[in-house]
Structure formats: C-alpha cells, structure tokens
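As the structure lists them, so they are numbered: ligands from 1, and atoms in each ligand from 1. What you see below is based on every heavy atom in this structure, not just the backbone, and it leaves out hydrogens, waters and symmetry mates. Quick caveat, the model's predicted, so the values are computed rather than measured.
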Amino acid sequence: MALTDLSMLELAAKLAAGALSSVEATRACLARAAQVDGKVKAFLRLDEKGALAAAEASDARRKAGNPASPLDGVPIGLKDIFLTEGVETTCASRILQGFIPPYDATVVSLLKQAGLPIMGKLNMDEFAMGSSTESSAYGPTHNPWALDRTPGGSSGGSAAAVAAREVFGALGTDTGGSIRQPAALTNLVGLKPTYGRVSRYGVIAFASSLDQVGPMARTVADTAALLQLIARHDPLDSTSAPVEAPDYREDLEGGVRGLKLGVPREYFIDGMDPEVEATVREALRDYERMGATLVEVSLPHTKYALATYYLLAPAEASSNLARYDGVRYGLRAKDAKGLREMYGQTRERGFGAEVKRRIMLGTYALSAGYYDAYYLRAQKVRTLIRQDFSRAFEQVDAILSPTSPVPAFKLGEKADDLLAMYLMDVFTLPCNLAGIPGLSLPCGFTKSNLPIGLQILGKPFDEARMLRIARAFEREHDFTRRLAPV
Ligand code: GLN
C-alpha cells in the first residue's frame with residue numbers, strides 16, 4: 001500500500017508511533033501531485049514551502065511528545081474559497097487574481113493550530129457557482145475515476161485531490177450541494193454541517209444564509225476527525241452557533257439498530273439514473289438488515305426547492321459580490337476613464353458568464369417592484385421547506401436519499417444546458433434551505449465503475465448520529481476502501 005493511500009487516521013497512527021514523519025507524508029503528497037495533477041488538475045496553487053515547514057514543525061512536536069491534535073502532521077488541501085494569509089486566494093475567479101489575503105479564515109487558523117500541513121489551494125467553480133468545476137476561470141478539474149468526466153462541484157478540486165490521494169483530506173463549502181455532490185461523484189465522504197456549526201469568517205461569501213464549511217475525506221472516521229477540529233463557536237462570525245461540539249468519534253461504532261430512517265417519497269423521481277436508484281434502494285435494504293426501521297416520509301414542498309434556491313442564492317450573491325469593484329481586491333481595469341467605467345470594465349473582465357448571470361438574476365429579484373413577488377415569496381417558501389423537515393424529524397432520526405440524481409457526467413456535457421446543470425442539486429439544496437446537516441456516503445458503483453453516493457440528512461446539530469449511521473454502512477462494505485484508478 002502506498003503511503004498516500006492511507007486514511008488520515010491511519011497516517012496519524014503511524015505518525016504517533018514514530019513509524020513515519022510528517023515530512024515524509026508531505027513529500028509523498030507532493031510527489032503524488034507531481035505525478036497525477038497534470039491530468040487531474042485539482043490544484044490551483046501548491047504551497048510546497050509552507051507545507052514542508054508545517055510538516056517539520058509537526059515532526060518536532062511529535063518528537064517532543066507534544067502533538068497539537070490527533071491529526072497533527074496530516075497534509076490536507078483547501079478549496080480556494082478560504083482566505084489564507086500570504087497565499088493567493090482567487091475563488092477560481094479572474095477578479096481576484098493576485099489577491100493575497102492579509103489573514104487566515106477561522107477554519108484555516110484552526111487547522112494550522114491543529115498542526116495540519118496545508119498543501120495548497122484547490123480548484124472550484126467560480127465563486128462556488130456550479131456543479132462541475134467547469135465555471136472555474138482556470139479550467140476544469142478532472143475526475144480521478146474517469147478523466148473525461150467531472151468530479152462534480154463546486155468543491156470539485158477538493159474532491160479530486162482527496163480521491164486522487166494528492167492530499168489526505170480537504171475542506172470544502174456547500175451552499176446547495178457543493179461538498180456532497182462532488183463527494184458522491186468521487187467516492188468520498190462529504191459532510192455539510194448544520195448552518196452555524198462551523199465558522200464562515202474568512203470564507204469568501206456566495207450566499208451567506210446558505211453557505212457552510214465542511215470536511216471531505218475517504219472514510220467516515222476521517223470525516224469525523226476533521227469535523228472535530230473545526231466545529232466550534234467563533235465570535236467573529238455572528239451566525240456561528242454557541243453550541244458545544246460533542247466527541248464525533250465516541251459513538252461511531254454504535255450501529256443503527258432501533259433507529260428510524262426516513263425515505264422521502266419526493267426524492268425518488270422520474271429521470272434519475274436507474275443505476276443510482278437501484279444502488280440507493282439496495283443501500284436502504286442494507287439498513288433494514290442492520291436493524292433500522294425504514295419509514296416513508298413526505299417533504300411536500302421539495303418541488304419548489306430548486307426555484308426557491310435560484311432566487312435566494314443569486315439575490316444574496318448579487319449583494320455579496322458588489323464588493324468586487326476593482327478598488328479593494330485583485331483585478332483592476334487600469335485603462336478605464338473615470339470611476340464608473342473602471343467599476344464596469346473590471347466587473348466585465350473579471351467575472352465569468354455564470355457569475356454574471358447570477359448577479360443579474362439576483363439584482364432583478366431584489367429590485368423595487370419585484371422584491372415582493374420574488375425574494376419575499378421565496379423566503380416564505382423557504383420556511384415551508386424547513387417545516388417539511390421539522391415535521392419529518394418528529395417521526396424519524398434521519399432521512400436517506402440519493403445525493404446526486406446521476407453519476408459523474410462527461411466534461412462539457414451539460415455546459416450549455418443550464419437547467420440540466422441546476423438539476424444536479426435537486427436532492428442536496430433543500431438541506432441548505434432548511435439549515436440542517438447533510439452527508440454523502442459512498443454506497444456503490446455503476447457498471448462502468450463510477451461512484452454513487454447515499455445522502456444522509458439529519459436534525460440540526462445531530463452530526464454525530466449521522467456519522468454513526470454512515471459508519472454502520474461503511475463497516476459492511478468495502479466501498480470507501482476502493483481507490484480511484486488514476
Ligand atoms: N450547484 C449549486 C450552485 O450552483 C450549489 C453550489 C454550492 O453549493 N456552492 O449554486
């Protein structure tokens with residue numbers, strides 16, 4: 001087994017035992033990236049020097065018997081949406097080209113304090129708007145399971161880097177599915193925590209009422225261990241919840257006997273891939289065999305979720321992205337005559353087509369005369385969607401569904417079909433609208449060896465139980481041990 005094939009916790013055990021050093025692990029990741037990233041294109045920026053310096057410091061701490069955390073010394077990657085002090089951060093947009101943040105996002109500080117070497121910044125859809133990484137201004141990322149296919153998005157670089165074993169784990173963000181969908185398409189575990197569970201301070205904002213940071217890793221236990229490092233209250237984020245995090249690994253092996261798992265009628269729809277449906281239904285039967293009770297539930301407002309999301313998310317984005325004016329960050333159109341022209345030309349040149357489309361949609365939805373008809377109405381429907389979940393959770397402990405209606409699709413296949421691309425999130429975005437946690441778990445493969453993900457939705461702040469439910473399935477199968485062929 002190659003060093004880079006180890007899980008985060010397996011590597012951590014070897015580091016703790018002195019069988020391996022963090023410098024060796026970091027060098028192995030760098031070598032792996034040199035070998036495969038020309039094909040995968042997960043990295044926008046490698047920080048070889050920073051990673052090796054952090055690894056040396058980690059080895060010194062381990063030697064002194066003083067590790068900073070259980071994952072001290074385990075190299076990871078970051079979606080390029082997290083501010084990293086002194087390391088260029090572009091959110092995969094031209095408009096942030098050359099932007100060097102003066103401080104770290106809270107989650108970045110937490111990972112540094114915990115001793116994890118940060119290998120670099122990973123590709124994504126521009127400003128996290130997309131489901132395939134194809135809207136990145138720097139070209140798409142390729143799926144390590146099939147290089148002519150997308151790894152999903154928007155955290156596609158994070159997913160691909162972990163699946164290709166260029167890093168041991170990564171952080172992504174999820175506004176409508178951007179952690180869970182790429183995790184599903186690359187055979188990873190991806191968790192979008194409860195809104196407010198993880199700090200958004202220093203995370204470039206897309207839709208602030210929906211955005212949430214979360215871990216992506218190859219096993220359930222790794223996901224739990226990574227979440228443990230970042231799940232805490234942050235006074236710098238006013239929406240961060242003052243809720244103590246439990247020990248996410250304590251009850252991982254607790255099984256599902258006696259749990260009630262909801263199966264939403266509305267999440268098995270016409271037009272979904274038959275292999276995805278069959279594999280997810282098989283996983284549901286496995287849960288029954290393991291002692292859980294399946295309960296059919298209804299989330300009647302599901303059919304409005306996509307429309308609601310595509311009003312609210314662009315509305316918030318149009319406001320958040322107003323700050324990119326050529327004055328404060330990155331790109332500036334220098335040849336423009338006067339301030340207004342400079343604003344206009346900077347934004348014209350700096351933003352890609354999808355981002356412009358969202359800004360226009362959002363500006364329209366918020367404009368006087370349309371605000372009540374669109375934005376306000378969408379907010380009301382959002383409440384109905386949230387109530388659907390509250391009602392369902394009176395009956396069940398968690399909800400199971402497919403993560404994505406289809407496995408990884410070919411790069412370019414949906415690039416010109418906006419609606420087809422937006423449909424990639426039908427099963428993931430109601431969770432963001434409701435603010436509840438969602439997890440994607442590898443649950444099988446198509447005949448052509450493409451990964452399929454099972455989604456587990458939980459009650460607010462019930463991540464520990466969701467991880468336990470995921471672990472019960474993982475224990476019965478070898479799916480999370482299967483490695484991408486790249
Ligand atoms: N694909 C969705 C969108 O384009 C969700 C993206 C995300 O979760 N960041 O908005």
Side-chain angles (χ1 to χ4, degrees), residues 78-82 91-93 122-136 140-141 150-159 170-185 190-193 195 198 200 203-216 305-321 351-362 365 378 382 403-406 408-409 413-415 417-440 453 455 457:
L78 294 174
K79 184 177 185 178
D80 203 28
I81 199 166
F82 299 104
C91 227
S93 181
L122 297 159
N123 200 14
M124 54 185 286
D125 283 292
E126 184 179 3
F127 283 105
M129 296 170 187
S131 305
S132 67
T133 69
E134 290 169 290
S135 81
S136 167
T141 297
T150 171
S154 66
S155 311
S158 299
L171 291 189
T173 59
D174 189 313
T175 305
S178 279
I179 288 175
R180 290 161 287 156
Q181 184 256 15
L185 271 42
L191 172 62
K192 181 205 92 75
Y195 185 77
V198 178
R200 294 182 297 106
V203 182
I204 294 173
F206 164 11
S208 306
S209 77
L210 301 160
D211 298 343
Q212 185 59 198
V213 177
M216 304 174 82
L306 196 73
T308 304
Y309 175 88
Y310 277 99
L311 282 167
L312 296 180
E316 293 185 27
S318 71
S319 166
N320 274 326
L321 271 56
F351 289 135
E354 183 60 22
V355 175
K356 286 177 184 158
R357 192 149 42 224
R358 305 275 181 118
I359 292 173
M360 284 190 276
L361 271 172
R382 181 177 188 173
T403 304
S404 162
V406 295
F409 46 95
E413 187 184 315
K414 296 185 200 293
D417 188 349
L418 265 186
L419 209 55
M421 191 69 91
Y422 290 179
L423 275 168
M424 294 301 97
D425 305 310
V426 276
F427 300 142
T428 48
L429 50 83
C431 159
N432 301 72
L433 290 167
I436 60 172
L439 181 150
S440 183
Q455 180 172 236
L457 300 172

Verify the distance criterion only: is there a donor paired with an acceptor across the side chains of [X] and [Y] at less than 3.5 Å?
X	Y	value
Ser93	Glu126	yes
Thr133	Asn123	no
Ser158	Lys79	no
Ser178	Ser154	yes

Select one of side chain, backbone, both or neither to describe which atoms of [X] lie under 4.0 Å from any atom of ligand 1, heavy atoms only.
X	result
Tyr310	side chain
Tyr309	side chain
Asp425	side chain
Arg358	side chain

Relative to the ring of Phe206, is the ring of Tyr309 parallel (under 30°), tilted (30 to 60°) or perpendicular (over 60°)? perpendicular
Using a 3.5 Å cut-off on N or O atoms only, is Gly177 in polar contact with ligand 1? yes
Counting each atom of ligand 1 from 1 as listed, which ones have a heavy atom of [X] under 4.0 Å away?
X	value
Ala128	6 (C), 7 (C), 9 (N)
Ser154	9 (N)
Met129	4 (O)
Ser131	1 (N)

